[in-house]
Amino acid sequence: MTSELDAAGIRDPRLRACYLRCKQLLVSHDKSYYVASLLLPPAKRPHAHAVYGFARHADEMVDGVDTSSFAAWRDRILADLKAGETSDEIAGALLHTMRTWDIPRHLVETFLDAMASDLVVTSYETYADLEVYMHGAAGTMALQLAPVLGASSDEALAAMRAMGLAFQLTNILRDVGDDLRRGRVYLPAEDLRRFDVTEIVPGPALTELLRFEIARTRELYRQARAGIPLLHPTGRQTALAGIDLYGGILGAIERADYDVLSRRVSVGTGRQLAIAVPALFRSLAARFTVGPA
């Protein structure tokens with residue numbers, strides 16, 4: 001990581017520690033995102049770590065603390081973002097990344113609002129309602145990462161947002177059981193009624209619902225994939241690997257006979273390597289051809 005920080009021109013010892021902490025969070029909790037970040041030129045990797053590391057920290061807080069504790073932290077971070085400086089270890093890296101890439105503050109504010117809603121909202125009536133949450137929780141993260149990947153046109157930004165929504169909906173489908181145990185149901189109530197799922201238990205009705213939601217998620221991945229050529233050549237493989245790695249979770253759900261209640265499916269290491277290694281060579285070729293920008 002120190003060589004990546006050197007490549008990014010990050011010299012301040014405290015700031016370097018902030019970026020290292022974000023990377024550690026990514027390695028520990030979001031290996032798919034971390035593997036995808038390795039396909040970026042070294043100078044860009046710390047900024048991807050800052051975006052996803054901050055998000056992971058907020059998510060862990062929401063799942064592990066009470067409302068008042070998270071609210072106090074969120075209010076402090078929002079004030080720090082407005083002031084342009086912070087003593088928070090995680091937010092320090094994000095704030096530097098926001099300055100470096102001119103990332104709008106409202107994206108982080110919307111993200112934190114979505115995290116706060118997890119503490120008080122336990123269900124969603126319609127997919128449109130859920131989409132608002134997913135935009136805040138993940139669409140904003142993809143849009144924060146957009147300038148790092150070289151997305152500048154409206155079409156490219158729309159594809160990045162679709163990628164974030166696809167990632168979040170994939171998480172929701174994988175984590176149905178875990179969320180249920182936390183008292184949360186993200187599957188839209190209108191969809192539960194459509195497939196006559198009166199109780200979230202194993203059975204044909206739940207299977208049909210999951211098939212429907214998987215098809216919906218794959219459409220989002222299709223939209224995201226269509227935007228890959230619009231990214232900078234050095235960012236394309238990172239986005240594509242993220243789509244392939246996270247999209248692979250949908251196939252894992254299908255292979256597990258749609259059992260998302262008693263287990264948490266994942267993409268195996270072999271599959272991750274099969275995606276990442278060829279993508280790494282393509283990424284290196286792009287850097288050689290067009291440079292690391």
Side-chain angles (χ1 to χ4, degrees), residues 26-27 29-39 52 55-56 59 127 130-131 134 137-139 141-142 145 149 159-181 184-188 191-192 194-195 197 200-229 231 236-283:
L26 208 56
V27 171
H29 298 287
D30 286 308
K31 287 185 173 59
S32 292
Y33 289 145
Y34 175 64
V35 169
S37 77
L38 295 178
L39 304 178
Y52 282 114
R56 169 49 60 182
D59 190 57
Y127 178 74
L130 179 63
E131 187 174 7
M134 294 195 301
M141 289 168 54
L145 195 59
L149 298 184
M160 289 293 293
R161 179 180 179 274
M163 183 176 71
L165 297 183
F167 288 168
Q168 186 64 30
L169 193 48
T170 300
N171 279 337
I172 287 171
L173 297 178
R174 178 191 60 189
D175 296 339
V176 169
D178 287 343
D179 290 329
L180 194 61
R181 286 183 281 275
R184 302 174 190 160
V185 177
Y186 290 98
L187 298 171
D191 294 347
L192 295 174
R194 176 177 180 175
F195 290 93
V197 178
I200 300 180
V201 295
L206 180 61
T207 295
E208 289 305 309
L209 169 59
L210 292 173
R211 283 179 176 149
F212 171 78
E213 301 295 357
I214 285 173
R216 170 181 271 165
T217 311
R218 284 185 169 138
E219 171 57 22
L220 289 170
Y221 279 121
R222 186 198 65 76
Q223 296 172 22
R225 192 181 294 271
I228 295 294
L231 304 179
R236 291 171 189 167
Q237 295 307 315
T238 294
L240 187 58
I243 290 170
D244 288 341
L245 287 167
Y246 246 72
I249 293 173
L250 301 178
I253 292 173
E254 291 169 332
R255 290 190 294 276
D257 291 328
Y258 302 92
D259 179 8
V260 292
L261 297 179
S262 68
R263 58 188 293 188
R264 191 174 193 264
V265 302
S266 62
V267 177
T269 302
R271 176 60 179 162
Q272 290 179 342
L273 291 174
I275 292 170
V277 172
L280 176 59
F281 283 107
R282 291 192 296 270
S283 178

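- Counted by atom type alone, S37 and Y52 present zero donor-acceptor pairs between their side chains at under 3.5 Å.
- A 4.5 Å side-chain heavy-atom check between L220 and Q223 finds at least one atom pair inside the cut-off.
- Considering only heavy atoms from C-beta on, D179 stays 4.5 Å or farther from V185 through its side chain.
- Annotation: side chain of R194 is in contact with side chain of F212 (closest heavy-atom distance under 4.5 Å).
- Salt-bridge annotation for E219 and R216: absent, with no side-chain N of the basic residue lying under 4.0 Å from a carboxylate O of the acidic one.
- Considering only heavy atoms from C-beta on, R264 comes within 4.5 Å of D175 through its side chain.
- Closest approach of L39 to A241, counting heavy atoms only: CD1-CB, 3.4 Å.
- Across every non-hydrogen atom of L250 and L173, the tightest pair is CD2-CD1, 4.1 Å.
- In this structure, the separation between CG on L206 and CG on L210 is 4.5 Å, given to the nearest 0.5 Å.
- Scanning both residues, A224 and A162, for their nearest heavy atoms gives N-CB, 4.1 Å.
- R255 places none of its side-chain heavy atoms less than 4.5 Å from the side chain of V265.
- Within the 4.5 Å cutoff, the side chain of Q168 has heavy atoms near those of the I172 side chain.
- Separating the OH atom in Y186 from the CG atom in L180 is a distance of 12.0 Å, to the nearest 0.5 Å.
- With hydrogens and angles disregarded, no donor-acceptor distance shorter than 3.5 Å links the side chain of R174 to the backbone of V260.
- Using bins of under 30°, 30° to 60° and over 60° for the plane-to-plane angle, the ring pair F167/Y246 lands in the tilted bin.
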Checklist entry - Between L231 and T238, does a side chain to side chain contact (heavy atoms under 4.5 Å, CB included) hold up when you go through it step by step? => result CA-CA 10 Å; L231 304 179; T238 294; over 6 Å; no

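- Between R218 atom CZ and T170 atom OG1 the span is 9.5 Å, to the nearest 0.5 Å.
- Proximity of R225 to D244: side-chain heavy atoms (C-beta onward) are separated by under 4.5 Å at one or more points.
- A 4.5 Å side-chain heavy-atom check between Y127 and M134 finds at least one atom pair inside the cut-off.
- Counting all heavy atoms, side chain and backbone alike, L169 lies closest to L130 at CD1-CD2, 4.3 Å.
- Between the CD atom in E213 and the CG atom in L187 there is a gap of 6.0 Å [rounded to 0.5 Å].
- For the atom pair I253 CD1 and R263 CZ, the distance stands at 10.5 Å (nearest 0.5 Å).
- The two residues L26 and Y33 come nearest to each other via the heavy atoms CD1-CB, 3.9 Å.
- The minimum heavy-atom distance between A205 and F195, with the atom names listed, is CB-O, 3.5 Å.
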Next on the checklist: Run L192 and L209 through side chain to side chain contact (heavy atoms under 4.5 Å, CB included) and show every step you take.
Outcome noted: CA-CA 7 Å; L192 295 174; L209 169 59; 3.4 Å; yes

Next on the checklist: Applying side chain to side chain contact (heavy atoms under 4.5 Å, CB included) to I243 and I228, what does each step give before you reach the verdict?
Outcome noted: CA-CA 10 Å; I243 290 170; I228 295 294; 4.0 Å; yes

